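Read the structure below first, then the notes.
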2 protein chains.
Amino acid sequence: MNSAPDHSLNMLVRKLESVAPLSHDERQAIQSLPVMTRILQPGQDIVRDGGQPSQCCLVLDGWTARYKLLSEGRRQILSFHIPGDIPDLQSLHLAVMDHSLCSMTVSTVAFIPHESLRDLTARFPGLAAALWRDTLIDAAIFREWMIGIGRKSAHGRIAHLFCEMYLKLHAVGLADHHRMPWPLTQIDIGDALGLSNVHVNRVLQNLRNQKLIILDRRNLTMGDWEGLSEMGEFDPVYLHLERRAAA
Amino acid sequence: MNSAPDHSLNMLVRKLESVAPLSHDERQAIQSLPVMTRILQPGQDIVRDGGQPSQCCLVLDGWTARYKLLSEGRRQILSFHIPGDIPDLQSLHLAVMDHSLCSMTVSTVAFIPHESLRDLTARFPGLAAALWRDTLIDAAIFREWMIGIGRKSAHGRIAHLFCEMYLKLHAVGLADHHRMPWPLTQIDIGDALGLSNVHVNRVLQNLRNQKLIILDRRNLTMGDWEGLSEMGEFDPVYLHLERRAAA
DNA sequence: CGCGACCTTGAAGAACGTCAATGGTCGTGG
DNA sequence: CCACGACCATTGACGTTCTTCAAGGTCGCG
């Protein structure tokens with residue numbers, strides 16, 4: 001148990017500041033949240049479907065994913081999360097988990113007790129609004145995925161996922177020059193987009209042949225942003241990344 | 001403009017009370033929110049993709065839906081909403097709409113200014129939490145739809161939708177005895193579940209032949225709840241309908 | 001009566017899934 | 001250094017679910 005005021009919470013401060021300016025007190029209150037940090041191996045469950053967690057999980061390093069298992073080994077991945085995200089923030093107000101959360105890579109996560117977060121949101125309505133907003137963006141991303149899975153071709157879905165993850169990573173300084181780390185397997189991509197791994201493989205080869213992407217050694221370079229975002233009908237409005245309007 | 005304390009806001013009081021007990025002051029504060037009521041014809045847009053609404057919409061009567069249009073006339077319906085829902089509550093914290101909202105039937109809706117809601121949530125953290133929770137359930141339903149569209153057969157998806165809508169309607173007293181109003185066309189169902197209307201038609205016929213449903217004159221009877229929920233792998237946990245634990 | 005919206009039906013085809021086998025890569029341990 | 005195993009990518013053949021297109025048919029309503 002590590003309750004020292006280390007800098008793991010700076011990540012949260014920066015995240016929330018990216019959408020709304022924080023007062024000194026608010027910043028202070030976040031910094032003094034109790035946290036417990038853990039390092040996870042790939043594929044480890046953090047919270048499980050049906051569980052009733054008493055803490056939230058802030059991702060400090062690595063990729064995590066929410067998913068749900070169905071009969072006969074089918075799996076649907078619901079979202080990918082990168083440093084700065086709180087993938088199970090909904091558990092603050094929904095007692096029982098309706099899906100699982102796991103690490104996709106070696107990850108570092110910080111756990112924050114619900115109790116502390118509830119206290120924080122009661123004392124600072126502005127922070128409550130900021131966290132609420134965060135879960136709303138989450139929901140917007142779910143909607144966008146639904147649109148892809150429901151109405152786009154495999155090519156479109158994959159191109160869209162690349163565009164989305166690039167912008168998310170770029171926003172926290174983890175990608176640049178249309179190049180990003182890509183730790184996901186083709187099975188993972190398929191489970192996220194409702195496709196078989198075989199079909200993902202074929203589409204990826206096709207994208208490579210078209211020079212739209214270069215994908216090797218867990219790194220992805222987008223050779224043609226315009227082409228990919230058109231293919232995926234990608235419009236970043238749903239990510240609600242606008243810089244704060246008021247300084 | 002109708003700011004009289006009519007009973008349209010009772011619907012909201014009841015909704016929020018179904019998850020958390022409200023204090024007298026909180027109830028009072030809700031009741032005195034300013035509202036403007038409107039009656040809509042089927043298929044009318046309430047808020048449009050790209051818009052920046054300054055009010056939220058409480059459904060008093062009828063069904064509404066959120067949707068997004070893509071190129072070549074493709075449409076993905078993202079959710080259906082029934083009386084008591086606030087389908088665009090996310091606009092309180094996300095300035096620009098990333099999808100549209102429209103009426104599916106003749107509907108009555110009440111508009112509540114963002115300003116008033118923001119004031120309400122700043123004064124009553126408990127109400128903020130209750131509304132927040134409402135948007136979290138929304139997100140849980142998105143996730144569940146994603147699972148269906150991504151990993152279930154057409155039969156499973158349709159059966160699941162029937163189960164979900166029945167429980168939602170039942171919870172607000174609009175359905176009983178496994179019978180409910182069903183105002184949606186087969187095209188609507190297809191656009192919600194990522195299917196063509198032709199295929200929806202064939203699956204519905206099959207469900208009828210199996211005596212799983214009776215569907216006529218915009219009324220749906222579920223002949224075999226067990227069969228349908230098994231077919232749709234339906235587990236209502238994600239609806240988070242649990243009655244309040246504390247009295 | 002006629003129109004529009006919806007449902008139904010058939011036939012053909014595309015996109016994607018399943019199954020099964022092969023090969024590549026990487027870390028581990030002998 | 002090499003052998004091994006685990007996991008992942010790749011390939012081919014084949015099936016199936018679902019889509020598309022096109023043509024009626026039904027029903028309610030002005």
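Owing to the predicted nature of the structure, the values given are computational and were not obtained by experimental measurement.
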Within the structure, does a side-chain N or O atom of [X] lie under 4.0 Å from either OP1 or OP2 of [N]?
{"X": "A/Gln205", "N": "D/dT11", "answer": "yes"}
{"X": "A/Arg157", "N": "C/dA15", "answer": "no"}
{"X": "B/Arg218", "N": "C/dC7", "answer": "yes"}
{"X": "A/Gln186", "N": "D/dT10", "answer": "yes"}
{"X": "A/Asn201", "N": "D/dA9", "answer": "no"}
{"X": "B/Arg74", "N": "D/dT19", "answer": "no"}

Checklist entry - Is it true that B/Glu233 and A/Lys68 have a side-chain N and a carboxylate O under 4.0 angstrom from each other? => result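 Looking at B/Glu233 and A/Lys68, the cut-off is not met.
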Item to check | Closest-nucleotide 5' rank along DNA chain D - winner of B/Leu195 and B/Arg217 | outcome: B/Leu195
Next on the checklist: Using heavy-atom distances to pick each residue's nearest nucleotide on DNA chain D, tell me which of B/Val200 and A/Ile187 is more 5'.
Outcome noted: A/Ile187
Describe the nucleic acid contact of [X] in one word from base, sugar-phosphate, nothing, applying a heavy-atom distance below 4.0 Å.
{"X": "A/Gly194", "result": "sugar-phosphate"}
{"X": "B/Leu204", "result": "nothing"}
{"X": "B/Ser196", "result": "base"}
{"X": "A/Arg151", "result": "nothing"}

Item to check | Gap between atoms CG and P, on A/Asp216 and C/dC26 respectively (whole Å) | outcome: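 Value for this atom pair: 10 Å.
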Next on the checklist: Given A/Val109, which partner from the list A/Ser8, A/Cys56, A/Cys57 fulfils the side-chain contact (heavy atoms from CB on, under 4.5 Å) test?
Outcome noted: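 Of the listed residues A/Ser8, A/Cys56, A/Cys57, the side-chain contact (heavy atoms from CB on, under 4.5 Å) partner of A/Val109 is A/Cys57.
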Checklist entry - Taking atom types as modelled, is there a side-chain donor on A/Arg179 or A/Thr221 under 3.5 Å from an acceptor on the other? => result yes
Next on the checklist: Hydrogens and angles aside, do B/Gln205 and B/Asn201 bring a side-chain donor and acceptor to less than 3.5 Å of each other?
Outcome noted: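 B/Asn201 and B/Gln205 do have a side-chain donor-acceptor pair below 3.5 Å.
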